[in-house]
Protein chains: 2
Amino acid sequence: MENTEIIDLLSKHIPISENLAQLILEYSQIKMLQKGAVILREGQMANECFFIINGCMKKYYLKDGEEKITKFYTEGEIITPSSYTNQEPSKYYVSTIEKTIVSYGNPESENAIYKNHPELESLTRKLGEKLMVNTTNEFDNWVNHNPEERYLQLVKERPDLIQRVAQYDLANYIGIRPESLSRIRKRLLK
Amino acid sequence: MENTEIIDLLSKHIPISENLAQLILEYSQIKMLQKGAVILREGQMANECFFIINGCMKKYYLKDGEEKITKFYTEGEIITPSSYTNQEPSKYYVSTIEKTIVSYGNPESENAIYKNHPELESLTRKLGEKLMVNTTNEFDNWVNHNPEERYLQLVKERPDLIQRVAQYDLANYIGIRPESLSRIRKRLLK
DNA sequence: CAATCTCGTTGACCTAAGTTAAGAAGTGAA
DNA sequence: TTCACTTCTTAACTTAGGTCAACGAGATTG
């Protein structure tokens with residue numbers, strides 16, 4: 001039922017052949033996470049990576065008991081915690097902010113796939129390169145803009161987030177307090 | 001003359017076998033760049049990537065005629081412009097801030113190497129993964145700290161940059177004006 | 001040597017975001 | 001319906017950084 005949805009979503013990002021679709025369906029495991037579920041904590045080892053079929057998640061640090069959100073993930077995005085790739089305790093948290101349906105993998109199943117289908121390595125590498133460019137762009141974009149500009153950019157490029165994410169989480173992500181975002185919004189209405 | 005130095009520097013970051021050292025020396029080309037040389041401009045296609053043997057470079061955007069520095073590179077670091085990997089016009093500039101000696105490569109020589117020595121692909125992938133983790137950490141680090149904290153962190157983790165980079169470039173990198181960095185430094189002397 | 005430039009510093013004033021506190025609107029539960 | 005809780009908004013005040021202008025120390029040049 002959700003399985004074909006995975007292929008639909010994935011194919012929006014990279015070309016998926018019949019064979020590949022078959023393969024993905026064969027290996028995919030799915031689970032449903034309640035709103036607010038914390039799927040990775042600081043200090044933990046991540047032994048799963050996730051593909052969001054439906055829902056929304058956030059990645060955040062805890063600094064003096066305060067959340068610092070650095071990323072939202074939505075449908076079609078992949079969460080590969082750095083703790084998962086380099087086997088070190090995680091420095092950050094990942095949790096859902098809505099009921100979220102994910103497909104997930106672990107190192108064993110991943111290795112099994114690569115062993116049986118080595119042609120996937122290059123696909124992964126390409127996805128990785130794309131991710132790298134995205135991450136760099138995000139960083140540069142952050143550095144080049146002030147909170148108001150970042151908010152405007154969110155409105156333009158991720159209107160979905162404006163709708164589904166609470167304003168205090170948006171403000172946090174933008175790097176300001178909810179009160180300030182409130183003022184910015186007021187200011188923008190002129 | 002500088003050739004053995006390349007291996008020394010590289011081996012600080014990843015293990016280099018005898019064979020690999022041989023290979024690198026065989027393919028490496030070296031050039032010397034004057035202080036202030038701009039090696040990549042906005043809008044240009046990058047057809048070279050660089051390895052710094054000696055010297056210092058900066059990566060920056062031009063926004064309303066103002067530089068916005070997002071990265072310094074020093075000895076042992078590799079500059080692979082995103083324009084180089086994905087063949088799109090560059091969005092940023094790269095220039096030297098000192099006389100700089102680099103080893104450089106282009107897609108043709110890179111392909112030649114991979115063709116003759118496919119075992120290097122996995123090495124490159126690992127370097128890439130390390131780079132990805134670094135980039136993400138840098139971003140998260142930026143988001144989690146204010147200018148004063150960023151300056152203190154620079155002092156602690158990149159004292160070399162404090163010494164060799166002009167204060168207005170440091171301030172720019174930290175995300176503030178030179179006057180503000182001056183005040184922060186004064187404040188910190190208590 | 002004086003004249004010029006570059007770079008860092010300082011001071012006065014301005015502005016956007018932080019802080020604190022209060023209140024309004026919506027939701028859900030008793 | 002009332003109460004509690006969450007989320008967003010508003011206001012008053014504080015503060016860190018921006019802006020503008022001036023100055024001083026080194027380095028460079030004529």
Side-chain angles (χ1 to χ4, degrees), chain A residues 34-38 56 58 60-70 72 95-99 142-155 159-190, chain B residues 34-38 56 58 60-70 72 95-99 142-155 159-190:
Chain A
Q34 291 304 329
K35 171 175 176 171
V38 180
C56 188
K58 64 180 174 184
Y60 58 98
Y61 293 76
L62 268 193
K63 197 194 167 194
D64 314 321
E66 297 270 299
E67 280 187 19
K68 276 284 187 178
I69 301 171
T70 58
F72 293 111
S95 74
T96 63
I97 61 175
E98 299 175 0
K99 191 181 92 170
W142 181 277
V143 171
N144 280 325
H145 298 93
N146 61 31
E148 179 169 328
E149 292 169 322
R150 289 200 284 269
Y151 175 70
L152 284 172
Q153 200 140 355
L154 261 191
V155 169
D160 54 314
L161 287 184
I162 305 286
Q163 294 310 315
R164 72 203 295 187
V165 174
Q167 211 151 298
Y168 58 83
D169 270 349
L170 278 181
N172 190 311
Y173 175 68
I174 288 171
I176 56 178
R177 311 243 116 220
E179 296 91 329
S180 298
L181 179 53
S182 206
R183 275 182 300 210
I184 287 177
R185 282 156 53 84
K186 194 179 175 187
R187 209 157 66 210
L188 290 174
L189 291 176
K190 271 166 293 292
Chain B
Q34 291 305 329
K35 172 174 175 172
V38 181
C56 188
K58 63 180 175 185
Y60 58 98
Y61 292 76
L62 268 193
K63 199 194 166 194
D64 313 322
E66 297 268 301
E67 281 187 18
K68 276 285 186 175
I69 301 172
T70 58
F72 294 112
S95 74
T96 63
I97 60 175
E98 299 175 3
K99 193 183 90 172
W142 180 278
V143 172
N144 279 324
H145 298 93
N146 61 31
E148 179 170 328
E149 293 170 320
R150 289 198 284 269
Y151 175 69
L152 284 172
Q153 198 141 354
L154 261 192
V155 170
D160 56 313
L161 288 183
I162 306 287
Q163 293 311 315
R164 73 205 293 187
V165 175
Q167 211 151 298
Y168 59 82
D169 269 350
L170 276 181
N172 190 311
Y173 174 67
I174 289 171
I176 56 178
R177 309 246 121 218
E179 297 92 326
S180 298
L181 178 53
S182 206
R183 275 181 299 211
I184 286 177
R185 282 155 52 83
K186 194 178 173 189
R187 208 158 67 211
L188 290 174
L189 291 176
K190 269 166 296 290

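Naming convention: chains lettered A, B, ... in sequence-line order (proteins, then strands); numbering from 1 in each chain.
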Checklist line | Partners meeting salt bridge (Lys or Arg N to Asp or Glu O under 4.0 Å) with A/E148 (sequence neighbours left out) | finding: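 Partners of A/E148 under the salt bridge (Lys or Arg N to Asp or Glu O under 4.0 Å) test: A/R187.
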
Checklist line | Contacts of type salt bridge (Lys or Arg N to Asp or Glu O under 4.0 Å), residue B/R164, not counting sequence neighbours | finding: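 Residues passing salt bridge (Lys or Arg N to Asp or Glu O under 4.0 Å) with B/R164: B/E75, B/E98.
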
Tell me: [atom1] of [X] to [atom2] of [N], nearest whole Å?
{"X": "A/R177", "N": "D/dT14", "atom1": "CZ", "atom2": "C1'", "value": "15 Å"}
{"X": "B/I176", "N": "C/dA17", "atom1": "CD1", "atom2": "P", "value": "17 Å"}
{"X": "B/R150", "N": "D/dA16", "atom1": "CZ", "atom2": "C1'", "value": "12 Å"}
{"X": "B/I184", "N": "C/dT9", "atom1": "CD1", "atom2": "P", "value": "12 Å"}
{"X": "A/I174", "N": "C/dG18", "atom1": "CD1", "atom2": "P", "value": "11 Å"}
{"X": "A/E148", "N": "D/dG18", "atom1": "CD", "atom2": "P", "value": "16 Å"}
{"X": "B/N146", "N": "C/dA16", "atom1": "CG", "atom2": "C1'", "value": "15 Å"}
{"X": "B/L170", "N": "C/dG8", "atom1": "CG", "atom2": "P", "value": "9 Å"}

Checklist line | A/K35 side, atom NZ; A/S95 side, atom OG - distance, nearest 0.5 Å | finding: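 Separation between the atoms: 11.0 Å.
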
Check: residues 178-186 of chain B side-chain donor-acceptor pairs under 3.5 Å, at least two apart:
residue	atom	partner	partner atom	Å
B/S180	OG	B/R183	NH2	3.2
B/R185	NH1	B/Y151	OH	3.2

Between [X] and [Y], is there a donor-acceptor pair closer than 3.5 Å when you use the side chain of the first and the backbone of the second?
{"X": "B/T96", "Y": "B/G36", "result": "yes"}
{"X": "B/K63", "Y": "B/K68", "result": "no"}
{"X": "A/E149", "Y": "A/N146", "result": "yes"}

Please tabulate, for the side chains in residues 165-176 of chain A, all donor-acceptor contacts under 3.5 angstrom to protein atoms that are two or more places apart in sequence or on a different chain.
residue	atom	partner	partner atom	Å
A/D169	OD2	A/K58	NZ	3.3
A/N172	OD1	A/I69	N	2.8
A/N172	ND2	A/E67	O	2.9

Notebook entry, point to check: At under 4.0 Å, does any side-chain N or O of B/R187 touch on OP1 or OP2 of D/dG17?
Noted result: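 It does, given that an N or O in the side chain of B/R187 lies less than 4.0 Å from OP1 or OP2 of D/dG17.
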
Check: If the sugar-phosphate is the primed atoms plus P, OP1 and OP2 and the base is the rest, what is the B/S/- string for nucleotides 4-12 of chain D, using protein heavy atoms under 4.0 Å?
Finding: ---SSBBSB

Margin query: Give me the atom names and distance for the closest heavy-atom approach of A/H145 to A/R150.
Written below: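 So the two residues come closest at O-NH1, 2.5 Å.
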
Notebook entry, point to check: If an axis is fit to five pairs at each end of the helix from C/dC1-D/dG30 to C/dA30-D/dT1, what is the angle between the two, to the nearest 10°?
Noted result: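 Here the helix ends are tilted 20° relative to one another.
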
